[in-house]
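Notes follow the structure.
Just so it is clear, the structure is predicted and the values come from calculations on it, not from any experiment. Both counts, for ligands and for their atoms, begin at 1 and track the order of listing. Note: hydrogens, waters and symmetry copies are ignored here, and every other heavy atom, side chains too, is used.
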Amino acid sequence: SAKADGKNKVRVYDKKLYEEIELRVDGERQLARAIQEDHFIVYYQPRVEAQTGRMVGMEALVRWAHPERGLIAPDHFIPLAESTGMILPLGRLVMEKVFCQIAAWQFQKLAVVPVSVNVSARQFDEGNVSEFIASCLNKYAVDPRFIEIELTESAMMGNFEQVRGEISSISALGIQIHVDDFGTGYSSLSLLYKFNMDVLKVDRAFTSQICNGKGGEIFFSSIVSMAKVLKMRVVAEGVETIEQLRVLQQLGCDEIQGYLVSKPIPSSDVPRLLDQSILLEQLN
Ligand code: C2E
Ligand code: MG
Ligand code: MG
Ligand code: MG
């Protein structure tokens, strides 16, 4: 081993790899501390109407501002937060940041659009999400139409009565519910029907298949038809090219999100977008 070879010296040549390992070994402690000290920031990614390019919403995406490692993407810590239960305090932290931000934009008289917040299965199972959201609506005096909730299909597969109760309480507050990463989980038509949600966000994996000449657009088109039956809007995630947008417009996809429009941006860049309102003007 390296230890035996180097007379008790461990040589680490790859700083990135070292940090990766450190986070894996020490991640739980670091994450707990980051939550306690609030080392998180929220980025925002716009969502636009497919036909007009008009901005109709933004998604809140959390980043860990690590003192040594810089910004860490959610895929590197959300799974740990979920498995340890730290997603409960972290989820509340993110939710509260978003509310606070919307209130600040409103105070600045900006034309705010609805912001969707990702909520994990575990928060739905044991987190009293609807109660917490209700308290935030009160505390920040934010209109419920400016907050939306994204949950994945797997979140819907938890304790049925608990999840259905949470979803209907959230809807009753006047908050729209989006099904995130649609197509990657196992939700059934009947589940979607019973839960009565507002938006289907089709996973990037399917968006990336619509221009490859292998029939991916037929698959997408059948999702659009199904959504119409369920009276849900369809959002394509991960739209990266004009060609994809053109196909999505023809398929009747309602809204799009992706690098073609904008990457997720820090909150300080949002006012500029809100002033623009039409983000894909050059297409029309
Ligand atoms: P998601 O909710 O499906 O969010 C979309 C992800 O796709 C974001 O990654 C976004 O940056 C990325 N994306 C958007 N457009 C494109 C595109 O055109 N091309 C490509 N290649 N990627 C695109 P991000 O920000 O790294 O977040 C990853 C996941 O982490 C999210 O997936 C969500 O599941 C989770 N997440 C983020 N913030 C939160 C949070 O506050 N709470 C919880 N529970 N989960 C969160
Ligand atoms: Mg999402
Ligand atoms: Mg998604
Ligand atoms: Mg995802």
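- Salt-bridge formation is detected for the pair Asp38/Lys97: a Lys NZ or Arg NE/NH1/NH2 atom is positioned less than 4.0 Å from an Asp or Glu carboxylate oxygen.
- For atom 2 (O) of ligand 1, the nearest non-hydrogen atom from the set Asp180, Leu151, Ile72 comes from Asp180.
- Using bins of under 30°, 30° to 60° and over 60° for the plane-to-plane angle, the ring pair Phe40/Trp64 lands in the tilted bin.
- A salt bridge between Glu255 and Arg47 is present, with a side-chain N of the basic residue lying under 4.0 Å from a carboxylate O of the acidic one.
- With respect to the salt-bridge test (charged N to carboxylate O, under 4.0 angstrom), the residues Glu96 and Arg92 do not qualify.
- Atom OD1 is the N, O or S atom of Asp181 at the shortest distance from the Mg ion (ligand 3).
- Residues Glu150 and Ser116 have side chains that bring a donor and an acceptor to within less than 3.5 angstrom of each other.
- Shortest non-hydrogen contact noted between Met197 and Leu192 is CE-CD2, 4.0 Å.
- In this view, Phe146 satisfies the ring pair (Phe, Tyr, Trp, His ring centres under 6.0 Å) rule with no residue, not counting sequence neighbours.
- Here atom 37 (C) of ligand 1 lies nearest to Pro74 when heavy atoms of Pro74, Gly258, Ser262, Gly238 are compared.
- Although no hydrogens or angles enter the test, the distance criterion places a donor-acceptor pair under 3.5 Å between the side chain of His66 and the main chain of Glu68.
- Proximity of Lys263 to ligand 1, defined as any heavy-atom pair under 4.0 Å, is not found for any part of the residue.
- Within the 2.8 Å limit, Ser116 places no N, O or S atom next to the Mg ion (ligand 2).
- Of all the N, O or S atoms in Glu150, the one closest to the Mg ion (ligand 2) is OE1.
- The Mg ion (ligand 3) is closest to atom OE2 of Glu237 (considering only N, O or S atoms).
- Note on Asp275 versus Arg272: no salt bridge recorded, every NZ/NE/NH1/NH2 to OD/OE distance being 4.0 Å or above.
- Residue contacts with ligand 1 include Glu240, since one of its heavy atoms falls under 4.0 Å from the ligand.
- The side chain of Glu237, and not its backbone, has at least one atom closer than 4.0 Å to an atom of ligand 1 (non-hydrogen atoms only; side chain from C-beta on).
- The atom of Glu59 nearest to the Mg ion (ligand 2) is OE2, with the search restricted to N, O or S atoms.
- Residue-level check: among N/O/S atoms of Asp180, OD2 sits closest to the Mg ion (ligand 2).
- With a 4.0 Å heavy-atom cut-off, ligand 1 is reached by the side chain of Val94 but not by its N, CA, C or O.
- Under 4.0 angstrom from ligand 1, there are no non-hydrogen atoms of Thr152.
- Contact annotation: for Val239 versus ligand 1, heavy atoms closer than 4.0 Å belong to the backbone alone.
- Listed by number with element, the atoms of ligand 1 under 4.0 angstrom from any heavy atom of Val62 are 38 (N), 39 (C), 40 (C), 41 (O).
- Using a 4.0 Å cut-off between heavy atoms, Pro264 contacts ligand 1 through its side chain alone, with no backbone atom that close.
- For the residue pair Gln162 and Asn159, no side-chain donor N or O sits within less than 3.5 Å of a side-chain acceptor on the partner.
- If you check the side chains of Arg246 and Gln249, you find a donor sitting under 3.5 Å from an acceptor.
- Side-chain contact, Ser120 with Glu82: a donor N or O sits under 3.5 Å from an acceptor N or O.
- Within ligand 1, the atoms closer than 4.0 Å to a non-hydrogen atom of Asp181 are 3 (O), numbered from 1 in the order shown.
- The closest approach between Glu82 and ligand 1 stays at or above 4.0 Å for every heavy atom of the residue.
- With a 4.0 Å cut-off on non-hydrogen atoms, Arg204 touches ligand 1 through its side chain and not its backbone.
- If you check the side chains of Gln101 and Tyr44, you find no donor sitting under 3.5 Å from an acceptor.
- Contacts between Gln45 and ligand 1, counted as non-hydrogen atom pairs separated by less than 4.0 Å, involve the side chain only.
- For ligand 1, none of its N or O atoms has an N or O atom of Gln257 under 3.5 Å away.
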